[in-house]
Engineer: 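Encoded as structure tokens, here's the structure I'll be asking about.
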Amino acid sequence: MQAIILAAGMGRRLGEKTRENTKCMVEVNGVKLIDRLLGQLSQLGLSRVIIVVGYQGQRLVDYIGHRYDGKLRIEYAENPIYDRTNNIYSLSLVKEQMQEDDTLLIESDLIFSDRLFSMIIDNPYPNLALVAKYETWMDGTMVRIDQENNIVNFVPKQAFKYEDVDYYYKTVNIYKFSREFSRQKYVPFLEAYCHALGNNEYYEQVLRVITLLDNAELKAVPIGSEKWYEIDDIQDLDIAETIFAEDDEMLRRFNYRYGGHWRFPKMLDYCYLVNPYFPTKRMKDELRYNFDTLLTEYPSGMLVNSLLAGKYFGIRQDYVVVGNGAAELIKSLMELTTGRIGVIYPTFEEYPHRLCQENIVAYQPDNRDLKYTADDLIDYFTGKDIESLLLINPDNPSGNFIGMEGLQKLIAWSREQQVTLIVDESFVDFSDDFENNTLLCNETLESNPHLVVMKSISKSYGVPGLRLGILASSDVELIRRIKKDVAIWNINSFAEFYMQIFGKYENDYKKACRKFISERRRFELLLHEIPYIKVLPTQANFFCIELTGKYTSAELTKLLLARYNIMVKDCDSKNGLKGRNFVRISVRSTEDNNQLIQALKELA
């Protein structure tokens, strides 16, 4: 068996990376694509490797030099008109060689798991294409396959239909052709296709014609969860370097993204905290139906959006300000906050990160469960020189929760002490008696102008991509100042429309919260079966877990990501938890939670 590598393209979309080199000379985590590929091929016992070069071809030839002598017999073919042709012409340049042996056909801009070659070579079927189930990042030729994995159609870009994506597989651009297939079918059709339509086409088009006109006997090999990526531009390169990074570097790359994990659809993300049961399909269908209008029309300004938010939560318009996520409002509130502020650690770091450290008066519970009560806070902060007290309730990452009776104590105490009480209740709808645990009501706000309530809509309502949050207070001067501080169009039309239609789905939301609470209880019981962890009580949509043996928090985090593609939050970076081996895991759907439990049990 031989291998043919197509490496003539210019790779314009990679910009500076390919100004003086072809794409396969680009480095992924310090290793050039061509070195990784040739290293993989050197393990296969091939008769030869033929590389079709074009753009900066001599640089590639000189770079490879004799470094693979004794491991690979490397030959070259040159495409001198690489700038006016596509890969069908590059392949036509080696059509004679294709007919001399069974062939692995590979594009040079790929990075993939070592197992992919064994999957295609060890398969006894002579003519195969590696394929991956369609994901949103994929571009280029798709295929449809039948129940026996026969490829029944190649779908070019212009024939792609989004309503059919459930049936699509993306070609990985690694093929195996028998010598007989090349001689009797592929090369004759290749010659006819080039003669009829020219050289500015793609070699997959030939396979499409063969499939449509004849029983091509070409089968697909789905690669399942095996890693691969096609590198066409700078973002592709960034994602590939993340997927193929090792241990600490992989974690670092995921963490610095602060989201965007939808670009890695095979990963189970237990870091980011949302409601797995809302919004409902019907609500999403309504958003989809209005997509064209919302995409092409301006959103309203703050006047209308604060009206919608007031309707959403049943509070007065002049008591509420809408943010582009709670993060925008946290920034504005913290910048407007004067004097010293009481902060409970460990906590959601976005608040203290916005403060001068000398203005923070810190409280940290002195127990393993990270538990505290309203009385604990009152005892500690009485007599302290603070102008504000911050309470995340339920807290993040501990999950500690102060119920309504305790909250009323804190509200009364802070009123007497003339302390502004800031309560972030972003997770309160996950608490057992959630309908009675919110402070977002006119009576409570009006009776307590020193009370400020923050709520992220992303988390409990399951819409983090919309970037919505609200801040409420009957201190209308504070609300006015924050409205002035944020941009007039600080949320988009999708977020505005979501607030507008929410009322129709409020009962569905309450059902989703109850369903979530039931799943959290089930999940907690299963977590208690894992011998090397201690599960802290929670009223939020996550569990804070202390590792009591076998692994450190860093070790478990790396193992879950490397072996199972599961990402959890190592809390070692949290103020107050450094060196204490805590991790935080969100609560997802039953299926996902079972998968995490299985991984934790396998690591026992």
Side-chain angles (χ1 to χ4, degrees), residues 1-6 86-88 90-92 94-95 98-99 101-107 109-110 112-113 115-194 196-197 201-230 266:
M1 179 174 283
Q2 63 184 352
I4 294 175
I5 302 173
L6 302 181
N86 269 318
N87 60 20
I88 195 170
S90 290
L91 190 56
S92 72
V94 290
K95 63 186 180 183
M98 284 185 72
Q99 300 173 80
D101 201 351
D102 298 341
T103 298
L104 285 174
L105 177 61
I106 311 151
E107 295 193 23
D109 58 357
L110 302 173
F112 49 86
S113 158
R115 260 194 43 80
L116 262 60
F117 276 141
S118 62
M119 290 175 72
I120 198 168
I121 290 175
D122 296 345
N123 191 307
Y125 204 81
N127 305 304
L128 297 167
L130 292 181
V131 299
K133 197 76 178 71
Y134 173 78
E135 296 171 0
T136 54
W137 64 268
M138 296 174 179
D139 191 21
T141 302
M142 305 292 162
V143 297
R144 295 185 69 157
I145 63 179
D146 63 18
Q147 291 182 338
E148 284 78 41
N149 284 343
N150 295 302
I151 296 178
V152 296
N153 192 14
F154 279 77
V155 184
K157 284 184 179 182
Q158 59 269 31
F160 184 99
K161 296 179 180 178
Y162 279 99
E163 58 265 31
D164 292 337
V165 294
D166 289 344
Y167 308 103
Y168 285 161
Y169 288 80
K170 170 72 176 74
T171 53
V172 176
N173 298 331
I174 299 176
Y175 297 86
K176 181 176 76 172
F177 299 147
S178 69
R179 179 174 58 179
E180 290 72 22
F181 177 77
S182 296
R183 283 179 174 178
Q184 297 168 15
K185 292 189 176 178
Y186 190 81
V187 170
F189 274 94
L190 174 70
E191 292 174 331
Y193 196 96
C194 290
L197 297 173
E201 299 287 335
Y202 297 93
Y203 65 80
E204 296 97 338
Q205 289 294 93
V206 179
L207 292 171
R208 183 177 187 232
V209 171
I210 295 173
T211 302
L212 292 173
L213 297 180
D214 192 70
N215 179 11
E217 300 180 353
L218 185 64
K219 285 186 178 287
V221 179
I223 65 171
S225 60
E226 293 296 329
K227 294 179 180 181
W228 79 286
Y229 219 81
E230 183 177 13
K266 291 186 175 69

Engineer: Which pair of heavy atoms, one from Pro222 and one from Met119, lies closest together, and at what distance?
Structural biologist: O-CE, 3.6 Å
Engineer: Name every donor-acceptor pair, under 3.5 Å, that has one atom in a side chain of residues 157-168 and the other anywhere in the protein, sequence neighbours excluded.
Structural biologist:
residue	atom	partner	partner atom	Å
Lys157	NZ	Asp139	OD2	3.3
Tyr168	OH	Lys161	N	3.2

Engineer: Drop me the distance from Lys95's NZ to Arg183's CZ, to the nearest 0.5 angstrom.
Structural biologist: 15.0 Å
Engineer: Do the non-hydrogen side-chain atoms of Arg179 and Asp101 ever get within less than 4.5 Å of each other?
Structural biologist: no
Engineer: Under 6.0 Å between the ring centres of Phe117 and Phe112?
Structural biologist: yes
Engineer: Counting only N and O atoms by type, is there a donor-acceptor contact under 3.5 Å from the side chain of Lys170 to the main-chain atoms of Met138?
Structural biologist: no
Engineer: For the side chain of Ser113 and the backbone of Arg115, is there at least one donor-acceptor N/O pair under 3.5 Å apart?
Structural biologist: yes
Engineer: After noting the C-alpha distance and the side-chain angles of Gln205 and Ile88, does the key distance pass the side chain to side chain contact (heavy atoms under 4.5 Å, CB included) rule?
Structural biologist: CA-CA 9 Å; Gln205 289 294 93; Ile88 195 170; 5.6 Å; no
Engineer: Find out whether Tyr175 and Leu207 are in side-chain contact, i.e. whether some heavy atom of one side chain is under 4.5 Å from a heavy atom of the other.
Structural biologist: yes
Engineer: Could you measure the distance from the CG atom of Asn150 to the NZ atom of Lys219? Nearest 0.5 Å is fine.
Structural biologist: 3.5 Å
Engineer: When rounded to the nearest 0.5 angstrom, what is the spacing between CG in Asn149 and CG in Leu218?
Structural biologist: 11.0 Å
Engineer: When you measure from the side chain of Asp146 to the backbone of Glu148, do you find a donor-acceptor pair of N or O atoms at a distance under 3.5 Å?
Structural biologist: yes
Engineer: Considering non-hydrogen atoms only, spot the tightest contact between Ser92 and Leu190 and give its length.
Structural biologist: CA-CD2, 3.8 Å
Engineer: From Leu130 CG over to Lys176 NZ, what is the distance, rounded to the nearest 0.5 angstrom?
Structural biologist: 9.5 Å
Engineer: Using modelled atom types and a 3.5 Å cut-off, is there a donor and acceptor pairing between side-chain atoms of Asn153 and backbone atoms of Val155?
Structural biologist: no
Engineer: Does some side-chain heavy atom of Val221 sit less than 4.5 Å from a side-chain heavy atom of Val172?
Structural biologist: no
Engineer: Is there side-chain contact between Thr141 and Tyr202, with at least one heavy-atom pair below 4.5 Å?
Structural biologist: no
Engineer: Atom CD1 in Ile120, atom CG in Leu128: separation rounded to 0.5 Å?
Structural biologist: 5.5 Å
Engineer: Minimum heavy-atom separation for Leu91 to Tyr203, with atom names?
Structural biologist: CD2-CB, 3.7 Å
Engineer: Looking at Asn127 and Phe177, would you say the former's side chain and the latter's main chain have a donor-acceptor pair under 3.5 Å?
Structural biologist: no
Engineer: To the nearest 0.5 angstrom, please state how far the CD1 atom of Ile210 sits from the CZ atom of Phe181.
Structural biologist: 4.5 Å
Engineer: Write down the atom of Tyr125, the atom of Glu217, and the distance for their closest heavy-atom approach.
Structural biologist: CE2-O, 3.1 Å
Engineer: Could you check whether Ser182 and Gln99, counting side-chain N and O atoms only, form a donor-acceptor pair closer than 3.5 Å?
Structural biologist: no
Engineer: Of the non-hydrogen atoms in Glu107 and Asn87, which two are nearest, and what is the gap between them?
Structural biologist: OE2-ND2, 3.7 Å
Engineer: Does any part of the side chain of Val143, heavy atoms only, come nearer than 4.5 Å to the side chain of Thr171, both counted from C-beta?
Structural biologist: yes
Engineer: Please report the closest heavy-atom contact between Glu135 and Lys266, naming both atoms and the distance.
Structural biologist: OE2-NZ, 2.8 Å
